[in-house]
Amino acid sequence: MKILKAKFIILCNESLDILENSAIAFSDKIEKIAKFDELINEYKDAQILDFSDDIAMPALINPHIHLEYSSNKTTLDYGDFLLWLRSIIANSNKFDNSDKISDIQNAIDTQLRAGVGTIGEISSFGLSASLCAKSAIRTIYFSEILGSNAAILDKQWDGFLSRFKAANELKSDLFIPAISVHSPYSTHIDLAKKAIDLAKNSDMMISTHFMESLDE
């Protein structure tokens with residue numbers, strides 16, 4: 001058992017209560033939140049974590065992030081969907097490489113320092129899987145499929161399936177494999193159906209980009 005003492009505790013309950021000079025008793029889960037003196041009397045052998053000058057609150061969730069693009073912040077055009085899409089297409093050869101591993105790790109560390117405890121990582125290349133799996137951050141890992149060229153559907157499916165299987169082998173309490181169908185306009189209906197069926201049969205979450213801009 002551990003007792004974490006904080007100057008303020010933000011409960012994020014319906015009334016958004018903020019407790020002052022209180023503490024949290026927890027082991028694998030939170031057992032009780034109360035005044036510090038009450039908790040140390042109730043849990044006499046607990047380890048004390050004194051953060052009396054800090055704020056304790058539920059971790060934040062970033063439900064949609066592209067860690068594999070972390071090294072391309074100055075490569076792409078932002079502010080308009082079509083400009084951004086054209087810059088993605090023009091620079092596509094720069095994205096699928098292993099040189100961005102340190103940038104991905106830095107992006108994960110930035111999330112943790114900002115108080116993010118869970119991310120939804122949308123992965124196009126599988127480069128971020130092992131880093132997320134080794135991290136303390138909880139990751140819903142969406143292996144992404146896209147492609148509308150009917151002539152190479154088998155190749156696109158095989159590539160996706162290889163990445164999906166590799167991610168699935170890393171499954172743990174903190175690394176939860178999932179599937180992303182990129183968007184209705186960029187994914188051939190046959191690929192989308194196969195991915196959706198795979199998600200259903202694997203009892204996995206599924207996501208998609210859907211009508212995020214007027215252009216879409």
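- The CG atom of Asn149 sits 6.5 Å away from atom CD of Gln156, with the distance rounded to the nearest 0.5 Å.
- A cation-pi arrangement is found for Lys5 relative to Phe36, the charged atom lying closer than 6.0 Å to the ring centre and inside a 45° cone about the ring normal.
- For Tyr78, the OH atom counts as densely surrounded, since its 6.0 Å shell holds more than 12 non-hydrogen atoms of other residues, nucleotides or ligands.
- Phe81 and Trp84 have tilted rings, their planes meeting at an angle from 30° to 60° on a 0 to 90° scale.
- Contact of the Ile176 side chain with the Thr139 side chain is not registered, since no non-hydrogen atoms from C-beta on lie closer than 4.5 Å.
- For Tyr141, the ring-ring contact (aromatic ring centres under 6.0 Å, His included) partners at least two apart in sequence or on another chain are Phe175.
- Aromatic pair His66/His209: centroids less than 6.0 angstrom apart.
- The backbone N or O of Leu174 sits less than 3.5 Å from a side-chain atom of Ser172, completing a donor-acceptor pair.
- Between atom NZ of residue Lys100 and atom OG of residue Ser70 there is a gap of 8.0 Å, rounded to the nearest 0.5 Å.
- Counting only heavy atoms from C-beta outward, the side chains of Leu67 and Cys132 approach each other to under 4.5 Å.
- For Leu214, the CG atom sits in a loose shell: 12 or fewer heavy atoms of surrounding residues, nucleotides or ligands are nearer than 6.0 Å.
- A heavy-atom distance below 4.5 Å is not found between the side chains of Ile88 and Asn91.
- At least one donor-acceptor pair closer than 3.5 Å links the side chain of Arg163 to the backbone N or O of Glu144.
- Remark: side-chain polar atoms of Ser87 are paired, donor with acceptor, to backbone N or O of Asp77 under 3.5 angstrom.
- Remark: of the listed residues Gln105, Arg113, Gln111, Gln105 is the sole one forming a side-chain hydrogen bond (donor to acceptor under 3.5 Å, both in side chains) with Asp109.
- Hydrophobic clustering places Ile89 together with Phe125 (ILVMFWY residues linked when any side-chain heavy atoms are closer than 4.5 Å, directly or through intermediates).
- Put simply, Ile206 and Phe160 are part of the same group of oily side chains (I, L, V, M, F, W, Y) that touch within less than 4.5 Å, one to the next.
- Although no hydrogens or angles enter the test, the distance criterion places a donor-acceptor pair under 3.5 Å between the side chain of Thr110 and the main chain of Asn106.
- Smallest separation of non-hydrogen atoms from Leu153 and Gly147: CD2-O, 4.4 Å.
- The OG atom of Ser22 lies 8.5 Å from the CD1 atom of Ile33; values are rounded to the nearest 0.5 Å.
- No side-chain donor-acceptor contact under 3.5 Å links Glu121 to the backbone of His64.
- For the residue pair Ser123 / Glu68, a side-chain donor-acceptor distance below 3.5 Å is found, with atom types taken as modelled.
- Distance alone, capped at 3.5 Å, places no donor-acceptor pair between the Ser162 side chain and the Asp158 backbone.
- Taking the charged nitrogens against the carboxylate oxygens, Lys32 and Glu42 do have a contact shorter than 4.0 Å, which makes a salt bridge.
- Taken to the nearest 0.5 Å, the CG atom of Leu161 stands 8.0 Å off from the NZ atom of Lys194.
- Following chains of ILVMFWY side-chain contacts shorter than 4.5 Å, one cannot reach Ile140 starting from Leu60, and the two form parts of different hydrophobic clusters.
- A donor-acceptor contact shorter than 3.5 Å links the side chain of Lys44 to the backbone of Asn41.
- A donor-acceptor pair is defined here as one N or O able to donate and one able to accept, closer than 3.5 Å; such a pair exists between the side chain of Thr208 and the backbone of Val181.
- Of all heavy-atom pairs between Leu191 and Ile145, the closest is CD2-CD1, 3.9 Å.
- In terms of heavy atoms, Asp54 sits closest to Ala6 at O-CB, 3.7 Å.
- When all heavy atoms are compared, the tightest approach of Leu39 to Ala25 is CD1-N, 3.8 Å.
- Here the closest heavy-atom approach between residue Ala192 and residue Thr187 is recorded as N-CG2, 3.9 Å.
- Nearest heavy-atom pair across Phe142 and Gly120 is CE1-CA, 4.2 Å.
- Formation of a donor-acceptor pair under 3.5 Å by the Ser135 side chain with backbone atoms of Leu131 is not found in this model.
- Considering CG of Asn201 and CD1 of Ile196, their distance stands at 12.0 Å, rounded to 0.5 Å.
- Asn62 has its side chain out of reach of Thr118: every pair of non-hydrogen atoms, C-beta onward, lies at least 4.5 Å apart.
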